[in-house]
Amino acid sequence: MTDPRLPSDPRTLIEPRTLKGFRDHLPPQALAREGILDIARRVYRSYGFVPIDTPALEYLEILTGKGSDETDKQLYRFTHGGREVGMRFDLTVPLARFAAQHIGTLGIPFKRYHMATVWRGENTQRGRYREFMQCDFDTIGTTSPLADLETVLVVHDLLSAIGLESFTIRINDRRVLSGILERLGLADRSTVVLRALDKLGKVSPEGVAAELAGHGIDAAASADLLKLALLSGSPDSVLDALEPLAGGTAPGRAGIDSLRALLDGAGQADVPAGRIVVDPSIARGLDYYTGLVLESFLDELPALGSICSGGRYDNLAGLYTKQHLPGIGASLGIDRLLAGLEELGRLETRETAADVFLVYFDEAHRGNYLRIAAALRRAGMAVEMAAEPKRVGQQLKVASKKGFPLALDIGRDEFAAGTAQCKRMKSQHSTVIDWHGDVPVLVKAVAAELAAVRLGG
RNA sequence: GUGGCUAUAGCUCAGUUGGUUAGAGCACUAGAUUGUGAUUCUAGGGGUCGCGGGUUCGAGUCCCGUUAGCCACCCCA
């Protein structure tokens with residue numbers, strides 16, 4: 001195996017395979033992925049978020065600093081050259097380090113997006129991998145309610161732009177939960193209580209009650225908590241019902257008011273009613289959330305879990321700097337989303353990113369094909385010319401299979417007559433273009449066909 | 001990390017109480033015909049039955065291990 005040009009001894013062949021939870025991305029999937037990344041980039045930028053990037057590897061102490069044993073267990077780590085190194089398991093911790101290190105030159109508020117791969121050595125499942133990508137956006141250095149609203153609007157715009165027909169953004173405010181916990185004298189038990197309540201989507205209320213009892217929560221308190229977590233209905237009705245449960249405490253009051261203001265703002269920003277739901281059971285296990293928390297689900301596939309979640313935190317970088325940096329952000333789980341779209345059959349599977357397939361009909365006209373392809377590309381179209389002048393039927397078949405919207409077909413007879421056949425592959429509809437050797441005329445006609453096809457021709 | 005289910009050709013799957021050279025459809029390749037995605041005809045390639053052990057005269061089939069996928073717990077995107 002030292003020289004790849006030599007045939008290998010079959011006995012020494014290494015089996016090509018990927019690690020558990022790690023995957024190759026073939027062109028159809030990779031194209032879909034890039035399409036969503038493009039949309040995310042566009043939406044984030046449309047709100048003024050700017051890109052950053054950070055290394056995949058960090059000093060281990062940076063990553064373990066937050067010290068939850070769960071993330072610790074999942075962390076990929078190794079020693080290299082005497083240094084303890086870890087692979088990032090999310091983009092928030094690197095952001096915290098980044099902010100602590102650079103906030104002086106960044107200015108506040110700082111709005112960044114970061115789309116990158118992260119690694120977690122946990123067990124795999126559908127839509128859950130050990131290597132996956134997150135598309136984060138965060139606003140740090142401000143506690144403005146406008147930043148909260150903007151976060152929800154970005155999530156809404158993003159999921160809409162991806163073309164999801166039905167999704168729900170479920171929001172809550174940690175302070176509502178803190179309020180009721182304070183009233184019940186359970187403030188110091190918040191983590192176990194929130195974890196238990198967070199399961200309500202999957203576990204029955206009785207099951208959750210049993211878990212709470214297991215943590216020594218008395219029945220009356222448990223009933224109150226469940227009543228709160230099970231509230232549903234229109235956002236207004238849920239908020240009204242929250243009043244007696246949590247409105248009497250200072251944090252509860254602040255949380256409810258903040259949610260009201262947020263829903264109000266979303267309405268003013270033209271978010272359709274029903275898209276945002278107040279769900280008091282949304283807690284998110286992460287301890288560092290202090291205000292708004294949000295999750296979003298595909299309505300047709302709720303079991304897939306949240307595809308975009310986030311929330312507000314008080315002190316992003318407290319481990320790395322004395323500077324107080326509050327912030328808010330959310331993260332799109334693109335791999336989970338893609339798994340969901342694929343399951344719903346909603347994933348467009350093309351094997352080409354090009355618009356026009358140029359049939360290589362007649363070898364004698366090679367120069368003309370090259371000239372035409374170049375002109376089409378200058379006009380902004382992506383063109384693939386067949387590599388060999390094989391049988392026309394064969395070429396068209398391949399073009400159709402690969403998902404080209406158009407095939408341009410010009411043979412000896414067409415060149416003589418000054419015409420071209422432009423085929424819409426999907427509808428098998430063919431248009432004859434009269435161009436009489438005038439390439440700009442041809443280009444314009446092909447562009448028109450492409451536009452028509454994109455409109456559903 | 002714990003438990004359950006699964007693994008046969010590129011894809012979808014057959015394969016009898018364990019019994020000859022492991023099959024089908026689709027896909028693929030080449031040829032014939034045709035200047036156009038189709039039809040038809042002919043020929044062909046492709047599987048160490050996930051991998052490694054064991055039981056047996058004999059294993060795709062039974063047992064153990066392992067790897068991967070799915071599901072539940074846990075956690076989360």
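We name chains A, B, ... by the order of the sequence lines, and we start the count at 1 in each one.
- Going from the C1' atom of B:G1 to that of B:G47 covers 36 Å, rounded to whole Å.
- In this structure, B:G60 forms no base pair with any nucleotide, since neither Watson-Crick nor G-U wobble geometry is met with both distances under 3.5 Å.
- When heavy atoms are screened at a 4.0 angstrom cut-off, A:Asp409 is found touching base atoms of the nucleic acid.
- A donor-acceptor contact under 3.5 Å links the side chain of A:Glu122 to the base of B:A77.
- Among the protein residues, A:Gly340 comes within range of no part of the nucleic acid, since none of its heavy atoms lies under 4.0 Å from any strand.
- With centroids closer than 5.5 Å and planes inclined by less than 30 degrees as the test, A:Phe132 and the base of B:A77 pass as a stacked pair.
- Ion pairing between A:Glu131 and A:Arg23 fails under the 4.0 Å rule for side-chain N and carboxylate O.
- Of the side-chain N and O atoms in A:Arg126, one or more sit less than 4.0 angstrom from OP1 or OP2 of B:C71.
- B:G23: Watson-Crick or G-U partner is B:C13, with both key distances under 3.5 Å.
- Note that the CG atom of A:Leu262 and the CG atom of A:Asp173 stand 9.0 Å from one another [nearest 0.5 Å].
- Counting any heavy atom pair closer than 4.0 Å across all strands shown, A:Lys423 reaches a base atom.
- For A:Gln394, the side-chain atoms get nearest to B:A30 when compared with the rest of B:U36, B:U67, B:A30.
- Between the C1' atoms of B:U33 and B:U42, the separation comes to 12 Å (whole Å).
- Remark: A:Lys20 is not in phosphate contact with B:U67, judged by side-chain N or O atoms under 4.0 Å from OP1 or OP2.
- Between A:Asp335 and A:Arg33, at least one side-chain nitrogen of the basic residue sits less than 4.0 Å from a carboxylate oxygen of the acidic one, meeting the salt-bridge criterion.
- Among the protein residues, A:Gln125 comes within range of the nucleic acid bases, having at least one heavy atom under 4.0 Å from a base atom.
- Within the 4.0 angstrom heavy-atom criterion, only backbone atoms of the sugar-phosphate kind lie near A:Cys308; the bases stay farther away.
- B:G69: Watson-Crick or G-U partner is B:C5, with both key distances under 3.5 Å.
- The base of B:G35 sits with one of its N or O atoms less than 3.5 Å from a complementary donor or acceptor on the side chain of A:Glu414.
- The pair A:Asp355-A:Arg454 meets the salt-bridge criterion, since a charged nitrogen lies less than 4.0 angstrom from a carboxylate oxygen.
- Spacing of C1' atoms, B:U48 relative to B:A22, comes out at 13 Å, to the nearest Å.
- Counting non-hydrogen atoms under 4.0 angstrom, A:Asp413 reaches a base of the nucleic acid.
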